[in-house]
Amino acid sequence: MTDIISASEKIAHIRKEIERHNHLYYVEAKPELSDYDFDKLLEKLIALERQFPDLVTPDSPSQRVGGTITRVFPTVQHREPMLSLSNTYSLGDLEEFYNRVRKLLLLEGVHEQDMVAELKFDGVAISLLYRKGILVRGATRGDGVQGDDITANIKTIPSIPLRLPDLGSLFALGEESEVEVRGEVFMRKEDFEQLNESRPEEDRFANPRNATAGSLKLQDSREVARRKMSFVAYYLKGYDDDAASQFQRLRQLEQLGFYTGGHYRLCHELPDISRFIQEWDEKRWKLPYETDGVVLKLNDARQWAKLGATAKSPRWAIAYKYPAQQAKTVLHAVVFQVGRLGTITPVAELEPVLLAGSTVSRSTLHNFDEIERLGVMLHDRVIIEKSGEVIPKVISVVLDERPLDAEVVRVPLVCPECGTHLEKPEGEVSYYCPNEDDCPAQIRGRLLHFASRDAMDIKTLGKALVDQLVDLKLVGDVGDLYLLQEPQLEMLERMGRKSAQNLVRALDESREKSYERLLYALGIRHVGQATARELASAYPSFSLLRLATEEELATVPDIGPVVARSICDFFSKPSLPDFIDKLERAGLPLCASDPKEQVNRNFEGISVLFTGGLERHDRQKASELVLERGGRVVGSVSKKTSLVVAGREPGSKLDKALKLGVKVVTEDEFEAML
Ligand code: IVH
């Protein structure tokens, strides 16, 4: 009994700490703990909860790591319709809106007309329901009346509080209390780029909004947790409703622990509004997330109901959207790129032109349907556009200025790299080079993908080297890489003895990578990092995976029929047995390993601090080696630190360690201990 009481106190304490650090990190952007220490805290909580399962609650931060699989999201009714906003691109329309609101207010005898200007976040609208202060439901807008219940996925988003603080005097979280918060789930640019990098080229998201919408609908909440999404709140209901203005409500949302972005302003008059819009037109490019405009809301929320709404949008608010940045330029040529999966992508070569702060000289045309849709010809004047996204695209042709020498863009009959006749599979928009095994472009693409950071991470295998290896026919597939010898490599351009050694060593080290990385690195169509992870846990060895049928594969979470098909295609290629032999001989990880079996746990209970530069591994790798062996890596020295590894030019931490009498070793000694 006392056990459970003290455990419950401990659990409550850790939960509070975790949520406090979560808030510091995700809402205030002022972290106090290292990621590592944060993870440790979370692990401690999970371990305790496992020991005392009765103490698990729905608002525990342990619920954020996901783990539920939802097959079908139930439909739920919104308490009040979730309206959208009317959009405009014109400042004139804004003035009209402003005057219309004034007239309506005057009819009510109201003379004050402050507006709140907020940034318009480009994401997915979500409603959150808190009962007695606990998050009980997260739903999409759907058609505005009914949405999908995606609570399990919503809980994985760290900037969404799972429990509201009881702010006592302001508001009592009584039995009946129901608070609704609405806002936008979005992805920061950096997180979006990272996500896309982890995905196969053919499955990348076009923009952060699509990535967010796709991620919120995943069945496996553990995968959602990995997607790194954020939430910005802009609407609060059921909490101090009478008194609050929109401005106050935004402040209250912040007090309740929500992120609001912080860039909103109370505007007394029309010119204040234009100023806000102008300011952010420039500053928005520097924000870590995308905004596509500004939302204006009547500040006095008591008047909202009186002004009412049309079928789709309220009369007390409007969205101003920034026009996309455009430029006119000349299309000089269209070149055809061959991807690692044989896809032919037409790329426009443009007269270089400055657009929203950078020079643009190329832009993808995606496929021939797109060329046809645009009606674009060689030498045309074209309009390119950069909207929220970073990558510009051709959006139209200036037909009035079509030159006399304009030429039709011809579909190439053969692969520009290997001359093989191209194919266009039924129902697809792209042409493919079917010469999978011998097309140099595809081989190069596969090798580069294999070596990329999230795959086998072979840093010394760059583009220039891959080009030579393939041109000289030294390498035909990723298995051949492991047959390369130093003398051969030394002869290549820009490769000395040292670089040859480095490459061989890097290849050697890559054998230690995990089975799931290898699955990803092979570049099977539609198999990104997430799918590779699912596959590795459902089929812990290559030999099992080879035998899986399409139907079986399609029962793995988030693997649909298309992905299942493509995996089967990969394994039924006639050249596959030879290829697998080669991988096996190369010593690559063809099955999942139990880390405890392979590595000893001789760092169990030992905390290690690194200071100065290391020669053998980088910091990251050295830390991993310690963690794998059960040890901890710390960032500062104290009496409790077990070991300090001093590299080249160690810092003041070495002095401190010596003063405290902490054991200090060189990198070689550390290596020996491993
Ligand atoms: S208020 C009735 N505020 O833009 C009020 N919406 O184009 C409805 N949005 O449906 C929403 N940032 O998904 C509001 N600061 C903001 C917003 C915002 C983005 C989204 C929201 C809305 C859509 C309308």
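Note that ligands are numbered from 1 as they come in the structure, with each ligand's atoms numbered from 1 the same way.
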Quiz item: Of all the heavy atoms in D122, does at least one lie under 4.0 Å from an atom in ligand 1?
Solution: no
Quiz item: Do any nitrogen or oxygen atoms of E118 come within less than 3.5 Å of a nitrogen or oxygen of ligand 1?
Solution: yes
Quiz item: Are Y289 and F121 an aromatic pair by the rule of ring centers under 6.0 Å?
Solution: yes
Practice problem: Consider ligand 1: state whether an atom of it lies below 4.0 angstrom from any non-hydrogen atom of M82. | Solution: no
Exercise. Return each pair, listed once, that meets salt bridge (charged side-chain N to carboxylate O under 4.0 Å, His left out) where at least one residue sits in residues 314-329; pairs must be two or more places apart or across chains.
Key: D292-K321, K328-E401
Quiz item: Which one holds for R182 and ligand 1: side chain close, backbone close, both close, or neither close, with close meaning a heavy atom under 4.0 Å?
Solution: neither
Practice problem: Please report which non-hydrogen protein atom sits nearest to atom 3 (N) of ligand 1, along with the residue it belongs to and the distance in Å to one decimal place. | Solution: K297 NZ, 2.9 Å
Practice problem: Decide whether the shortest distance between a heavy atom of A319 and an atom of ligand 1 is less than 4.0 Å. | Solution: no
Quiz item: So, is F121 polar-close to ligand 1, with some N/O to N/O distance under 3.5 Å?
Solution: yes
Quiz item: So is there a nitrogen or oxygen of L85 less than 3.5 Å from a nitrogen or oxygen in ligand 1?
Solution: no
Exercise. Indicate whether any N or O donor in one side chain lies under 3.5 Å from an N or O acceptor in the other, for R199 and N196.
Key: no
Quiz item: Using a distance-only test with no angle check, is there a side-chain donor-acceptor pair under 3.5 angstrom linking T75 and Q146?
Solution: no
Quiz item: Regarding S198 and R226, is there a side-chain donor-to-acceptor distance under 3.5 Å anywhere?
Solution: no
